[in-house]
Chemist: 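First the structure, which I've put down as structure tokens, then a few questions once you've had a look.
In each ligand, atom 1 is the first atom listed, and ligand 1 is the first ligand listed. In this chain, numbering begins with 1 at the start of the sequence shown.
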Amino acid sequence: MDVFQQYESEVRSYCRAFPKVFTKAKGAHIHCEDGTRYLDFFAGAGALNYGHNPDLVKQRLIEYLQQDGILHGLDMYTDAKGHFLKSLQERILIPRKLDYRVQFCGPTGTNAVEAALKIARKVKGRRNIFAFQGGYHGMTLGALACTGNAYNRKGASTALPDVTFMPYPFGAMKDIDTIAYIDAVLSDTSSGVDKPAAMVLETIQAEGGVVVAPVEWLQKIRALCDKHDILMIVDDIQVGCGRSGGFFSFERAGIVPDIVTLSKSISGSGLPLAIVLLKPELDKWLPGEHNGTFRGNQLAFVSGVAGIELFEQLNIPKQVEEKSAFVGCELAAIIERVDPRMELRGLGLIWGVDLSPLKNEKLIDVITENCFDAGLIIENAGRKGQVLKLLPPLTVTMDELSLGLEIIERSMKKAL
Ligand code: PMP
């Protein structure tokens, strides 16, 4: 029997079909039933910052299940929820002098974005939102309305209203004073653009092709939000939880958003958990106004506490700093050797090699397939999917990084 037959009834709306059946995973490796294993430079699209099945996470989950811990608790105070909130406050927020309330949304990142947009609109009493060209915030209609990618938006087949796109300092907009432009739009009350309740942005556009916003730009956006009485929502779903070095990606700019969305690696394990951090004065929800059955998965609370401990125990910021320098240098050298027209972008442990200047749209798929054949899982990103995106677990070893980079170079050379 064809081993893939049992998967035929699954709807295919995701990007890539791997010609393998995966069975187990540990650290930076995923194993298949035929005994082969793959180095994972995709890490659950950023959901596995601490790798697959870290020992501490596994141990905590097993203990919790063995003691018949609550698996579904809705709005109840549970032990698991209490521990998670305490850990988040005491180990992450308070040391960074961040004063936020925590809203559990769920189960997935796009749900956190929806809640963030909704509370911003409610608090400010305005409908419009400013989002950024090339940004990615999720696939449900509100989040999709803020997603600046034509391909993703096309399938909505409906109007995606009440969002105005502003320029991100990238590509054709790189040499434009985007801050002056946004300021001018906001200052011109007769322009026809409604004043927004909030601006929603990523400090590094991940799906958008690894586009790193400059620190000064982020600071100026914060200042613009203050000047015009607009809330700043930072979507840290993909680049939060240590990916950029600090726990939050906005730490590098020394700014404090009004609202933060987190998901993916906040559960420490790959289990679904999505949260919104709100400045206390924004907590204007009425009871039952924004609810849902699967908000705050109890197992994800347990593994999330372990994830926060790992962030500290493993000194993730230091690890990321060292590995980032290595990956950045190695990739620059690879580009030099393979084709210097390719463009390198990145920070922390998110790196992108942009193949757009090569003007060969098919190349990227050949490269990712070559990588897979050589034992490396890696994805592409970017408005037109032309960016090879490196997103290994933050706990990846130097040897694994070297091997992955070697495979990338070989795969590029073979494809060209
Ligand atoms: N925001 C950002 C920045 C993301 O990268 C993603 C997922 N790639 C989302 C939102 C949506 O999260 P999810 O896929 O879990 O709904």
Chemist: Any idea which protein heavy atom is nearest atom 4 (C) of ligand 1, and the distance to it?
Modeler: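 The answer is Y136 CD2, 3.7 Å.
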Chemist: Salt-bridged, K389 to E207, with N to O below 4.0 Å?
Modeler: yes
Chemist: So if I count the atoms of ligand 1 from 1 in the order they appear, which ones are less than 4.0 Å from some heavy atom of E202?
Modeler: 3 (C)
Chemist: Using a strict 4.0 Å threshold on nitrogen-to-oxygen distance, state whether E309 and R60 make a salt bridge.
Modeler: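 Looking at R60 together with E309, the answer is yes, because their closest N to O distance falls below 4.0 Å.
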Chemist: List the closest protein heavy-atom neighbour of atom 16 (O) of ligand 1: residue, atom name, distance to the nearest 0.1 Å.
Modeler: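 Looking only at protein heavy atoms, the one closest to atom 16 (O) of ligand 1 is T110 N, 2.9 Å.
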Chemist: Only one of D99, I94, L98 passes side-chain contact (heavy atoms from CB on, under 4.5 Å) with R96; say which it is.
Modeler: L98
Chemist: Within ligand 1, which atoms have a heavy atom of D235 less than 4.0 Å away?
Modeler: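 Within the 4.0 Å cut-off of D235, ligand 1 contributes 1 (N), 2 (C), 3 (C), 10 (C).
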Chemist: Is the shortest side-chain N to carboxylate O distance from R243 to D236 below 4.0 Å?
Modeler: no
Chemist: Between K26 and D40, does at least one N-O distance fall below 4.0 Å, as a salt bridge requires?
Modeler: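 Between D40 and K26 there is no salt bridge, as every charged N stays at least 4.0 Å from the carboxylate O atoms.
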Chemist: Output yes when a side-chain donor or acceptor of R37 lies under 3.5 Å from a complementary backbone atom of C32, and no otherwise.
Modeler: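 No, R37 side chain to C32 backbone: no donor-acceptor pair under 3.5 Å.
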Chemist: Select one of side chain, backbone, both or neither to describe which atoms of I237 lie under 4.0 Å from any atom of ligand 1, heavy atoms only.
Modeler: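 Side chain only.
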Chemist: Applying a 4.0 Å heavy-atom criterion (strictly less than), which segment of E207 is in contact with ligand 1: side chain, backbone, both, or neither?
Modeler: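 Looking at E207 and ligand 1, just side chain atoms fall under 4.0 Å.
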Chemist: With a 4.0 Å cut-off on heavy atoms, is K264 touching ligand 1?
Modeler: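 Judged by the 4.0 Å heavy-atom criterion, K264 does count as contacting ligand 1.
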Chemist: Where is the nearest protein heavy atom to atom 14 (O) of ligand 1: which residue, which atom, and how far?
Modeler: T108 OG1, 4.1 Å
Chemist: Can R121 and D162 be counted as an ion pair, charged N to O under 4.0 angstrom?
Modeler: no
Chemist: Which ligand 1 atoms are under 4.0 Å away from a heavy-atom of G109?
Modeler: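 Those qualifying, in numeric order: 12 (O), 13 (P), 15 (O), 16 (O).
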Chemist: Which residue and atom name correspond to the protein heavy atom nearest atom 5 (O) of ligand 1, and how close is it?
Modeler: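 Residue, atom and distance for the closest contact: Q238 NE2, 2.8 Å.
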